[in-house]
A.B. asks: 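To start, I am sharing the structure in question, which I have written as structure tokens.
Every chain is numbered from 1 and lettered A, B, ... according to where its sequence line falls, protein lines coming before strand lines.
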2 protein chains.
Amino acid sequence: MATPESGATLESVATVAGVSRQTVSNVLNAPERVAPETRQRVEDAIRELRYRPNRSARSLRTRISRLIGYCIQPAPAGNLNPVLDRFVHAVTESAAAHGFHVLLFTAPTGSAGLDRYAELLAQRAVDGFVLADTVVADPRPGWLTEQGVPFVAFGRSWSGPDRGHWVDVDGAAGMTEAVEHLHAIGHRRIAFIGWPEGSGVGDDRVAGYTAACLRLGLDPRVVRAEGGAGTGRALAAALLDDAAEARPTALVCVSDESAYGALRALAERGLRPGEDVAVVGFDDTPAARLPGVDLTSLSQPIEQIGHESVLMLLGLLGVVELPPGPEHRLLRPSLVVRASSRPAVPPTEA
Amino acid sequence: MATPESGATLESVATVAGVSRQTVSNVLNAPERVAPETRQRVEDAIRELRYRPNRSARSLRTRISRLIGYCIQPAPAGNLNPVLDRFVHAVTESAAAHGFHVLLFTAPTGSAGLDRYAELLAQRAVDGFVLADTVVADPRPGWLTEQGVPFVAFGRSWSGPDRGHWVDVDGAAGMTEAVEHLHAIGHRRIAFIGWPEGSGVGDDRVAGYTAACLRLGLDPRVVRAEGGAGTGRALAAALLDDAAEARPTALVCVSDESAYGALRALAERGLRPGEDVAVVGFDDTPAARLPGVDLTSLSQPIEQIGHESVLMLLGLLGVVELPPGPEHRLLRPSLVVRASSRPAVPPTEA
DNA sequence: ATCCCATTTTTGAACGATCAAAACACGCTA
DNA sequence: TAGCGTGTTTTGATCGTTCAAAAATGGGAT
């Protein structure tokens, strides 16, 4: 019948191979200690019985669960950010390569959610955490550091001391690249549509834009407001309704969402994206590549971030040797040029 | 210092409370067997020591891991389906209410991925599975049933015998509601933009559309092709370029993606959605509610599906008593009416 | 033949919980 | 007083693995 016979244990494998428990265990955990011939016999028995070590038993003895905790925040309604989706996938995949799995849980945001982390630790359900959705003044990095819990965050801690290990995207570098691209195809009046000061991520991106402008001898022009597509539309509208000689020929947006708003503002004025006014977003959301949208955007190397986060965490856990680098990694986003900034009939320059 | 003192065990709690291990265990698992006064003393000790049962130890003894396996498929590039995101969240939340957590893993699609499921089972890492992304001829329900593994699928098995427990959305009912809505606001020539025959989900939706048309005395008109937004645009274009008296006044689309394509076809012809031609989609993706899109769509009760899936699975596991219902639940989507089908200046009818 | 050392294998104990059954306490009846 | 039944608590065994230390094995040197 060849049922999977999930009842195989170390003991039963040992019996079949004619050795003791511990020898089987050694074949799995320290093969070099076992004589080659014995090893072969044991491996055959393992295959024959389809043996897999029982996770709970192993975890009980070693105090390592081989599980990584990952908290999914309640997604705000109408959120079209599939970035975290890809991130989770990458984390899961990278973890699997080392026999680890991801344990999902939910928790309220802010310090109210710390209980859930504490609970999992007390139960010894996880060995460490990967944090995403980190926000300004996030209590988690500090708390976890205090507790001595291994963790890696996707996103710097923007306020307070920079505690713990993290991997992040260099938003400033990305925006600089965007400005340089626009400059290269002829644009000279490039404005920035951003968020209010105080959001770490937003400030980082503005900084990259401003630096690039200054370096290229352009006047930085930044407008800011709280919000998504709706706000982007309003901010863009104001810029586009400027007198013709002051009106920007290119809009760099802090996010794809703002950029969608900006595109709408263009459409309402009969302006063609890419031809009359260039638009660049950030995140490279799936909608950006839809026909008829075709938004130039900065793509985050999400898969790599997930991979590096896991590697860093496994390093902290002593599962792999920690690469010699620093406690953090800053990865560059890559500019994906589409129609919204391409054809570049270069605007006539004053 | 009040460190979390994660070293508390049954034994240490017992010592503090002046009772034996087993009594503490009983307080947790069968409180009615313990004298009220003793119980109080034990509960105090538990609080004082911040004791939480060690998951591995418990799981080793009881053979229940309190983990639910969930496989995330490699998302196809450019996938803008946030439905599964919400589903995972709902599953995680519902599971937490019963002390369960979700274990994420990845696996290739098709029968090549079954190994990963087998591996987790052999390790006794999970108690059962929640399946999503079920497709036609999905090998998983059959295999899991054969193995006697508890599982619940989001989505019927459309081909072969209907094996196992599932929760699904009644696509036919949704489409019927869409047609009735369009009929009520005056439309008489309602066409359907669908997928080729053979996709269970697509066929279900067409069936609902056709049934409604016949009941209302309308001529069903179905066009089909493989694909997403691009295809939707092409199919809609063909319909809209019909002679005026044959041209449909409303388009019911098998998915929001097709609907976005259809909207684009309208725009290219200077037709206003909702006023000249009504459009209805399916899924209520976030983009549907964007200003300037405003697509009427059928919203799937994802949270409820997640919740019911977990409940059903826990029933199979004997954790909660199985509700008396059948092996499956079919939930109705709800129609969210937006501008693309609203103002209904009713088209003049022949 | 004896002893020593390095290599390989085996034996008890432990991880922290629950199960099954035994022991204890107490009031009631015969 | 012995015996019984009910309610409460404790004791020993066990789940499947790994750790630590002990035991066996096999040469080579003395």
A.B. asks: Could you tell me whether the side chain of A:R116 and the main chain of A:T106 form a donor-acceptor pair under 3.5 Å?
C.D. replies: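 Judged by distance alone, yes, a pair lies under 3.5 Å.
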
A.B. asks: Counting distance only, does the side-chain N/O of B:D127 pair as donor-acceptor with the main-chain N or O of B:I64 below 3.5 Å?
C.D. replies: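 No, B:D127 side chain to B:I64 backbone: no donor-acceptor pair under 3.5 Å.
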
A.B. asks: Does A:R63 make a side-chain N or O approach to OP1 or OP2 of C:dG16 shorter than 4.0 Å?
C.D. replies: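 So the side-chain polar atoms of A:R63 do come within 4.0 Å of the phosphate oxygens OP1 or OP2 of C:dG16, strictly under.
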
A.B. asks: Can a side chain N or O of A:R52 be found less than 4.0 Å away from OP1 or OP2 on D:dG16?
C.D. replies: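 Answer is no, no contact under 4.0 Å.
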
A.B. asks: According to a strict under-4.0 Å criterion, is B:R58 in side-chain N/O contact with OP1 or OP2 of C:dT18?
C.D. replies: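 So the side chain of B:R58 is within the cut-off, an N or O lying under 4.0 Å from OP1 or OP2 of C:dT18.
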
A.B. asks: Measure from the side-chain heavy atoms of A:R21 and tell me the nearest of C:dA13, D:dT10, C:dA17.
C.D. replies: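 Of the options given, the side chain of A:R21 lies nearest C:dA13.
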
A.B. asks: Would you mind telling me which of D:dT9, D:dC15, D:dT18 lies closest to the side-chain atoms of B:L60?
C.D. replies: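 The closest nucleotide is D:dC15.
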
A.B. asks: Which whole-number value in Å describes the distance from B:R55 CZ to D:dG16 P?
C.D. replies: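 That distance rounds to 19 Å.
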
A.B. asks: If only side-chain N and O atoms of B:S25 are considered, is one of them under 4.0 Å from the OP1 or OP2 phosphate oxygen of C:dA17?
C.D. replies: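 Answer is no, no contact under 4.0 Å.
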
A.B. asks: Tell me whether the OP1 or OP2 atom of D:dT18 has a side-chain N or O from A:N29 closer than 4.0 Å.
C.D. replies: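 True: A:N29 side-chain N/O within range (under 4.0 Å) of D:dT18 OP1/OP2.
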
A.B. asks: With the side chain of A:A57 defined as its heavy atoms from C-beta on, choose the nearest nucleotide among C:dG16, D:dT9, D:dG16.
C.D. replies: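 Per side-chain heavy atoms of A:A57, the pick is D:dG16.
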
A.B. asks: Specify the separation, in whole Å, of atom CD of A:Q22 and atom C1' of D:dA23.
C.D. replies: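 Going from A:Q22 (CD) to D:dA23 (C1'), I get 14 Å.
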
A.B. asks: Out of D:dT18, C:dT11, D:dT10, which nucleotide sits closest to the side chain of A:R61?
C.D. replies: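 Among the listed nucleotides, the one closest to the side chain of A:R61 is D:dT18.
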
A.B. asks: Whole Å only: how far is the CD atom of B:E11 from the P atom of C:dC15?
C.D. replies: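 Rounding to the nearest Å, CD of B:E11 and P of C:dC15 are 10 Å apart.
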
A.B. asks: Nearest-Å distance, CZ (A:R39) to P (C:dT8)?
C.D. replies: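 Interatomic distance, CZ of A:R39 to P of C:dT8: 10 Å.
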
A.B. asks: Taking the minimum atom-to-atom distance to the side chain of B:N54, which one of D:dT18, D:dT10, C:dA17 wins?
C.D. replies: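 The listed nucleotide nearest to B:N54's side chain is C:dA17.
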
A.B. asks: Answer with base, sugar-phosphate or nothing: what part of the nucleic acid does A:T38 contact at a heavy-atom distance below 4.0 Å?
C.D. replies: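 Sugar-phosphate only.
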
A.B. asks: From CD of B:Q123 over to C1' of D:dC15, roughly how many Å is that when rounded to an integer?
C.D. replies: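 Value for this atom pair: 17 Å.
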
A.B. asks: Should A:T9 be listed as having a side-chain N or O under 4.0 Å from OP1 or OP2 of D:dG16?
C.D. replies: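 Answer no for this pair, as no side-chain N or O of A:T9 is under 4.0 Å from OP1 or OP2.
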
A.B. asks: One pair to check against salt bridge (Lys or Arg N to Asp or Glu O under 4.0 Å): A:D44 and A:R41. What are the steps and the verdict?
C.D. replies: CA-CA 5 Å; A:D44 290 348; A:R41 226 169 49 239; over 6 Å; no

A.B. asks: Is B:S59 near enough to C:dA17 that one of its side-chain N or O atoms lies under 4.0 angstrom from OP1 or OP2?
C.D. replies: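 Answer no for this pair, as no side-chain N or O of B:S59 is under 4.0 Å from OP1 or OP2.
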
A.B. asks: Take atom CZ of B:R33 and atom P of D:dT9, then tell me their distance rounded to the nearest Å.
C.D. replies: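 One finds 12 Å between P of D:dT9 and CZ of B:R33, rounded.
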
A.B. asks: Quick check for you: among D:dT9, C:dT10, D:dG16, whose closest atom lies nearest to any side-chain atom of B:T23?
C.D. replies: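 Closest nucleotide among those given: D:dT9.
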
A.B. asks: Rounded to whole angstroms, how far apart are CG on A:N26 and C1' on D:dT17?
C.D. replies: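 Rounded to whole Å, this separation is 12 Å.
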
A.B. asks: Tell me: CG of A:L10 to C1' of D:dT18, nearest whole Å?
C.D. replies: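 So the two atoms are 9 Å apart, to the nearest Å.
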
A.B. asks: Looking at B:H307, I'd like to know if its NE2 atom is crowded, meaning that more than 12 non-hydrogen atoms belonging to other residues, nucleotides or ligands lie closer than 6.0 Å.
C.D. replies: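 Check fails, neighbour count at 12 or below.
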
A.B. asks: Would you confirm whether A:T145, through its side chain, and A:P141, through its main-chain N or O, come within 3.5 Å as a donor-acceptor pair?
C.D. replies: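 Yes; at least one donor-acceptor contact below 3.5 Å.
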
A.B. asks: Please pick, from D:dT18, C:dG16, D:dT11, the nucleotide with the shortest atom-to-atom distance to any side-chain atom of A:T62.
C.D. replies: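 So the nucleotide nearest the side chain must be D:dT18.
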
A.B. asks: Fit a plane to each ring of A:Y117 and A:F105, take the angle between them on a 0 to 90° scale, and name the class: parallel (under 30°), tilted (30 to 60°) or perpendicular (over 60°).
C.D. replies: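 Taking A:F105 first and then A:Y117, their aromatic rings stand perpendicular (interplane angle over 60°).
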
